[in-house]
Amino acid sequence: MPSGSPRQQTWQCSRCGTDFQYAVRRGRPNTFCSRACRAAARSSCAEPPDLTRYEEDLAATTEDLQLSATTMLAAVQGSEDTDVLMRQVTEHYRFLMDVEAAIVARGRARGDSWMVIAEAAGCGAESFRKKWTQDKVSRRLALARETRQSRPAATGRPDTTVRAAGAPLPPAQTPGEQFAAAMTSLQRATGLTIKDTAFKVGVSPSYVSRILAGTRRPAWPVVERFVETCEGSPFELRALWEAAQRTPDHDQGPAPDDPEAARVKFHTSLRALYLAAGRPTPWDIQRAVNADTKPTFPEIVLALNGSRIPDWETIAKIILSLRGSPADLRPLWQAAKVSPSTSALPAAAFG
């Protein structure tokens with residue numbers, strides 16, 4: 001051995017057990033025969049990553065995608081107009097991208113390589129990595145979470161727990177309670193504080209608080225500014241506001257003679273109840289009435305988006321689940337059922 005050369009020593013690899021020789025130098029001795037064994041040992045020693053958040057994101061985005069697909073199918077079966085279907089396709093694609101982002105996030109957290117992920121997606125690894133940078137994935141999933149959290153159950157939302165057979169639904173809300181619940185639902189969906197909402201509407205925060213609590217009935221111009229601030233439908237709020245102004249001994253008047261006008265008014269009234277109930281999902285509505293057969297998921301969606309007016313048994317259950325009074329809407333339903341099944345109103349995407 002040439003003078004000055006490091007002394008060679010035989011050692012057994014602590015990973016694979018193979019004997020190997022290494023040069024003895026200062027510092028920690030080498031215990032692995034190769035870089036591959038060293039990397040494998042480090043990987044096996046590392047604690048498995050906590051995938052809870054990633055699994056939650058993936059489950060939630062997939063549920064959103066499933067709901068979107070079912071809603072779109074119901075719209076197709078209801079012969080919706082092209083513009084409605086295209087809006088729903090656009091929304092469905094957004095949900096699809098949320099799911100893809102969640103899959104990428106979970107895959108990377110599990111240690112999957114970009115090559116494996118991109119190959120499954122039919123893309124090149126480098127282009128797919130640029131498409132889904134860490135910042136893009138994080139921002140998209142954060143926005144999806146915020147969107148879901150902006151659909152909280154507002155005051156008056158029906159209890160969605162499964163009831164025992166024959167158990168009664170919660171009592172119907174009064175018109176004043178429905179109006180306050182709808183205003184609360186709109187205000188919460190904006191994400192604004194009561195102070196910020198009051199500033200935009202042009203009233204005091206305490207005045208807004210009393211409106212939302214149901215202890216103050218605002219004039220219609222105030223409601224209009226409130227709806228504009230919260231990006232709601234003035235037609236739905238007008239129906240609730242007018243009902244809240246009526247005294248108990250004053251009925252809502254006869255249904256319109258024109259079947260199409262009755263249909264528009266019926267749909268507006270049903271959507272107003274839906275808003276007051278906190279915009280529950282079709283599944284929430286089914287659970288609220290403990291429904292086994294009626295109403296079905298498509299029937300609920302088509303009734304809410306105005307594509308079809310179901311039979312009275314179905315619509316009465318939907319109204320009850322929204323804590324409305326079926327008797328109040330029955331005259332409108334009877335007048336509206338005379339018209340054809342296709343609505344003159346462009347149906348808004350369910351939401």
Side-chain angles (χ1 to χ4, degrees), residues 146-160 169-248 250 252-253 264-281 284-285 288 303-306 318-326 328-329 332 345 348-351:
E146 290 174 5
T147 302
R148 284 191 295 275
Q149 290 170 359
S150 69
R151 313 171 197 153
T155 301
R157 182 169 178 170
D159 178 12
T160 58
L169 285 163
Q173 292 178 308
T174 65
E177 290 171 338
Q178 291 169 351
F179 174 74
M183 297 286 275
T184 300
S185 180
L186 281 179
Q187 195 276 330
R188 287 182 178 177
T190 65
L192 296 172
T193 64
I194 289 180
K195 183 178 180 180
D196 290 339
T197 303
F199 177 78
K200 290 177 177 291
V201 176
V203 295
S204 69
S206 61
Y207 189 80
V208 171
S209 296
R210 290 196 295 272
I211 293 174
L212 302 185
T215 59
R216 186 62 183 255
R217 302 283 170 77
W220 176 246
V222 176
V223 178
E224 272 191 311
R225 294 198 300 272
F226 189 98
V227 173
E228 183 179 359
T229 297
C230 299
E231 299 181 354
S233 166
F235 301 105
E236 294 169 8
L237 263 296
R238 181 79 188 192
L240 293 172
W241 179 80
E242 289 180 348
Q245 305 305 309
R246 287 195 293 267
T247 58
H250 186 277
Q252 60 182 339
V264 171
K265 190 170 182 179
F266 174 81
H267 177 235
T268 300
S269 299
L270 185 63
R271 290 290 300 185
L273 287 178
Y274 175 67
L275 173 63
R279 294 174 173 150
T281 68
D284 289 340
I285 292 175
L304 291 174
N305 69 18
I318 294 175
I319 294 170
L320 285 171
S321 75
L322 302 176
R323 297 189 65 184
S325 172
D328 290 343
L329 269 69
L332 283 174
L345 281 179
F350 176 74

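To the nearest 0.5 angstrom, R323 atom CZ is 11.5 Å from L273 atom CG. Between T193 atom OG1 and Q187 atom CD the span is 7.5 Å, to the nearest 0.5 Å. One distance of note links OG1 of T268 with CZ of R238; it measures 13.0 Å at 0.5 Å rounding. Considering OG of S269 and CD of E236, their distance stands at 9.5 Å, rounded to 0.5 Å. Between the OG atom in S206 and the CZ atom in R216 there is a gap of 9.5 Å [rounded to 0.5 Å].
At a threshold of 4.5 Å between non-hydrogen side-chain atoms, the residues I318 and Y274 do not count as touching. Contact check for P280 versus L322: side-chain heavy atoms found under the 4.5 Å cut-off. In this structure the side chain of L270 never reaches within 4.5 angstrom of the side chain of L332, judged on heavy atoms. Between V208 and F226 the shortest side-chain heavy-atom distance falls below 4.5 Å. Using a 4.5 Å heavy-atom threshold, the side chains of V264 and F235 count as separate.
Taking a 6.0 Å sphere around OH of Y207, one finds it holds more than 12 heavy atoms contributed by other residues, nucleotides or ligands. For E242, the CD atom sits in a packed shell: over 12 heavy atoms of surrounding residues, nucleotides or ligands are nearer than 6.0 Å.
Considering every non-hydrogen atom in both P175 and A243, the closest pair reads CB-O, 3.5 Å. Nearest heavy atom pair, residue Q178 against residue A276, reads O-CB, 3.3 Å. Taking both residues in full, the closest heavy atoms of P218 and W241 are given as O-NE1, 2.9 Å, listed atom of the first, atom of the second, then distance. Residues I285 and L304 share a closest heavy-atom pair of CD1-CD1, 4.1 Å. H267 and A303 get closest at one heavy-atom pair: CD2-O, 3.8 Å.
In summary, of the residues considered (L240, T197, I211, L275), a side-chain contact (heavy atoms from CB on, under 4.5 Å) with M183 occurs for I211 alone. Considering L237, T174, T184 in turn, L237 is the only one that fulfils the side-chain contact (heavy atoms from CB on, under 4.5 Å) rule with F179.
Checking side-chain atoms of R225 against main-chain N and O of V201 turns up a donor-acceptor pair under 3.5 Å. A donor-acceptor pair under 3.5 Å is formed between the side chain of R217 and the backbone N or O of A244. Between the side chain of T190 and the backbone N or O of C230, no donor-acceptor pair lies under 3.5 Å.
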